[in-house]
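Take a look at the structure below.
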Amino acid sequence: MITKAPRGTKDLLPDESYKWQYIERVIRRITKLFCYMEIRTPTFEHTELFVRGVGDTTDIVQKEMYTFFDKGERSITLKPEGTAGTVRSYIEHGLYNITQPVKMYYITPVFRYENPQAGRLREHHQFGVEAFGGPEASLDAEIITLAITLFNELGLRGLEVDINSIGCANCRPRYLEGLREYFKDHLDNLCNNCVSRYERNPLRILDCKNERCTAIRSDAPIILDYLCEDCKVHFQELQQYLSAASIEFKVNPMIVRGLDYYSKTVFEILSPGIGAQNTVCGGGRYDGLVSECGGPKTPGAGFGLGIERLLLTLENQGIEIPRSSTKEVLFVTIGEKARSKAFELLNNLRVNGISADMDHLGRSVKAQFKYADRVGFSWVCTLGEDELESGTVSVRSMDDGREESIPQNMLIDYITGEKGAK
RNA sequence: GUGGGUAUAGCUCAGUUGGUUAGAGCGCCAGAUUGUGGCUCUGGAAGUCGUGGGUUCAAAUCCCGUUACCCACCCCA
């Protein structure tokens with residue numbers, strides 16, 4: 001039990017962590033290009049924030065939260081998504097008082113109590129962006145463009161962008177009414193889940209994958225026919241902006257998203273071929289969320305992107321992630337005196353920006369060389385009695401086996417030169 | 001929460017109709033004339049057979065429970 005990570009969690013060992021570092025590096029570069037700044041919020045929040053922010057009709061709140069009472073008897077929840085905490089922070093620190101828009105991104109673990117499967121864990125990691133204070137469709141288009149730019153940068157191909165508008169507080173009620181009117185005669189044929197959705201949130205019936213429900217809804221009214229003028233124009237503008245950025249998309253009136261806070265734009269980016277959990281990125285506009293959480297009426301838009309699913313997609317497309325080989329010099333020592341000299345020299349190298357290490361196990365020369373080879377050092381510096389006497393070090397290139405005798409005080413210059421030549 | 005599959009060494013997996021000290025490949029460690037890696041050869045370490053119970057003279061093997069992993073449903077990243 002104590003030697004097993006909890007269900008749905010994973011260790012990230014050194015032979016994989018380089019992939020994450022790479023992704024994070026690209027994310028930070030792209031967000032900078034789009035002028036987004038990093039925000040880091042707590043791993044847990046008051047449960048009430050998610051109930052209000054995410055919505056108490058959502059599956060997340062109803063059955064997937066890691067909720068517990070702390071020693072002060074506060075109800076605490078591990079963040080199940082990234083938006084609510086960011087919104088809370090935006091309000092708490094009065095960020096609506098500074099120059100708008102406020103554009104932020106985060107990379108954070110999120111927690112959901114679900115049954116694990118391919119591309120779904122109980123702890124996973126999301127890269128997300130949230131942009132507050134901008135009502136224009138250009139902002140919606142910008143976040144979609146940001147996600148696509150990231151995917152392109154990573155070399156991904158064949159992703160599908162689905163967009164839709166789910167209207168606003170003005171026009172959505174009319175549509176919900178229309179949906180109820182339509183489904184009223186089909187209640188007997190809908191799945192149990194959809195029957196309860198009929199009252200709670202008929203929008204979600206459009207989301208159901210049940211065959212019968214799919215068939216029934218094929219003639220259901222389309223939200224796009226119900227949009228008010230404002231939402232209609234906004235959706236058209238979004239499409240114009242996306243086209244201007246040469247982003248291919250598909251209008252899919254069936255995507256509605258599982259979180260309650262969305263208004264107007266919703267979108268998903270799908271990756272075929274990574275199994276059933278194929279939504280890599282999802283988001284949209286949430287003009288009512290900040291006020292719902294107790295702040296001033298503030299428009300906003302954002303998305304969440306699953307890092308694990310992104311890695312699955314990269315793997316699926318056979319994309320090699322560059323492994324930064326940072327191991328440069330290994331000192332091979334013969335005898336105690338050589339060890340202490342090596343310790344001195346290798347620290348000089350490190351201070352001068354050259355990665356270096358030495359044997360810490362007291363192994364034979366042969367074993368030390370073998371180690372250098374296995375671990376992937378570029379050069380081996382041998383120190384034995386001969387070298388100590390002459391004040392030199394034997395530097396061997398592990399690529400071609402070439403070996404030279406270098407004065408110890410010239411070592412840094414020599415390695416630096418060799419690095420440049422590589 | 002529901003359904004199906006799986007569980008043997010660090011990894012990938014063999015293991016017969018139940019029958020002695022549970023095997024292989026890869027990896028790891030050491031050695032092949034005492035200061036030199038990759039190839040080869042030799043040797044070594046490493047497994048409570050997921051876990052608890054049951055049947056049996058005898059269980060990795062058969063039965064039941066349980067946990068975990070994989071896949072799928074619901075939903076989502």
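Protein chains get the first letters and strands the later ones, always in sequence-line order, with residue 1 at the start of each. Small disclaimer: the values here were computed from a predicted structure and weren't measured. Because only heavy atoms are used, hydrogens play no part in the values below, and waters and symmetry mates are left out as well, while side chains stay in.
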Can you give me every donor-acceptor pair (side chain of residues 114-142 of chain A, partner residue at least two apart or in another chain, under 3.5 Å) with its distance?
{"residue": "A/Asn115", "atom": "OD1", "partner": "A/Arg7", "partner atom": "NH2", "Å": "3.2"}
{"residue": "A/Gln117", "atom": "OE1", "partner": "A/Arg120", "partner atom": "NH1", "Å": "3.2"}
{"residue": "A/Arg120", "atom": "NH1", "partner": "A/Asn115", "partner atom": "O", "Å": "3.4"}
{"residue": "A/Arg122", "atom": "NE", "partner": "A/Glu114", "partner atom": "O", "Å": "2.6"}
{"residue": "A/Arg122", "atom": "NH2", "partner": "A/Glu114", "partner atom": "O", "Å": "3.2"}
{"residue": "A/His124", "atom": "NE2", "partner": "A/Gln126", "partner atom": "NE2", "Å": "3.1"}
{"residue": "A/His125", "atom": "ND1", "partner": "A/Glu308", "partner atom": "OE2", "Å": "2.9"}
{"residue": "A/Glu130", "atom": "OE1", "partner": "A/Tyr286", "partner atom": "OH", "Å": "2.5"}
{"residue": "A/Glu130", "atom": "OE2", "partner": "A/Thr83", "partner atom": "OG1", "Å": "2.8"}
{"residue": "A/Glu130", "atom": "OE2", "partner": "A/Tyr106", "partner atom": "OH", "Å": "3.0"}
{"residue": "A/Asp140", "atom": "OD1", "partner": "A/Arg285", "partner atom": "NE", "Å": "3.1"}
{"residue": "A/Asp140", "atom": "OD1", "partner": "A/Arg285", "partner atom": "NH2", "Å": "2.6"}
{"residue": "A/Asp140", "atom": "OD2", "partner": "A/Thr265", "partner atom": "OG1", "Å": "2.7"}
{"residue": "A/Asp140", "atom": "OD2", "partner": "A/Arg285", "partner atom": "NE", "Å": "2.9"}
{"residue": "A/Glu142", "atom": "OE1", "partner": "A/Lys103", "partner atom": "NZ", "Å": "3.3"}
{"residue": "A/Glu142", "atom": "OE2", "partner": "A/Tyr36", "partner atom": "OH", "Å": "2.6"}
{"residue": "A/Glu142", "atom": "OE2", "partner": "A/Lys103", "partner atom": "NZ", "Å": "2.8"}

Nucleotides 3-11 of chain B: protein proximity per nucleotide (B base, S sugar-phosphate only, - neither; heavy atom, under 4.0 Å) = ---------
Should A/Arg52 and A/Glu292 be marked as a salt bridge (Lys or Arg N to Asp or Glu O under 4.0 Å) after you check the CA-CA gap, both sets of side-chain angles, and the distance that decides it?
-> CA-CA 7 Å; A/Arg52 281 287 289 283; A/Glu292 175 67 28; 3.2 Å; yes
Rounding to a whole Å, what distance do you find between A/Asp359:CG and B/G35:P?
-> 15 Å
Only stems of 3 or more consecutive Watson-Crick or G-U pairs count here, both distances under 3.5 Å; name the ones for RNA chain B, or none.
-> B:1-7 with B:67-73, B:10-13 with B:23-26, B:28-32 with B:40-44, B:50-54 with B:62-66
Nearest listed nucleotide, side chain of A/Lys63, among B/A72, B/U36, B/C74 = B/C74
Does the side chain of A/Thr57 come under 3.5 Å of the side chain of A/Asp260 through a donor N or O and an acceptor N or O?
-> yes
RNA chain B-proximal residues of residues 398-410 of chain A, any heavy atom under 4.0 Å = A/Met398, A/Asp399, A/Gly401, A/Glu403
Rounding to a whole Å, what distance do you find between A/Gln117:CD and B/C70:C1'?
-> 10 Å
Integer angstrom distance from the P of B/G5 to that of B/C49 | 24 Å
Tell me which nucleotide among B/C73, B/G38, B/A77 gets nearest to the side chain of A/Gln126.
-> B/A77
Answer with base, sugar-phosphate or nothing: what part of the nucleic acid does A/Gln277 contact at a heavy-atom distance below 4.0 Å?
-> base
Starting at atom CZ of A/Arg122, determine the distance to atom P of B/U67, rounded to an integer number of angstrom.
-> 12 Å
Let me know the distance between CD1 of A/Ile255 and C1' of B/A77, rounded to the nearest Å.
-> 14 Å
Residue pairs fulfilling salt bridge (charged side-chain N to carboxylate O under 4.0 Å, His left out) with at least one residue in residues 309-320 of chain A, sequence neighbours excluded | none
Does the side chain of A/Tyr182 come under 3.5 Å of the side chain of A/Arg217 through a donor N or O and an acceptor N or O?
-> no
Nearest-neighbour nucleotide for the A/Glu387 side chain, B/A72, B/G35, B/C74 considered | B/G35
Give each protein N/O atom lying under 3.5 Å from an N/O atom of nucleotides 27-32 of chain B, with the pair distance.
{"residue": "B/C28", "atom": "OP1", "partner": "A/Arg374", "partner atom": "NH1", "Å": "3.3"}
{"residue": "B/C28", "atom": "OP2", "partner": "A/Arg374", "partner atom": "NH1", "Å": "3.3"}
{"residue": "B/C29", "atom": "OP1", "partner": "A/Arg363", "partner atom": "NH1", "Å": "3.4"}
{"residue": "B/C29", "atom": "OP2", "partner": "A/Arg374", "partner atom": "NH1", "Å": "3.3"}

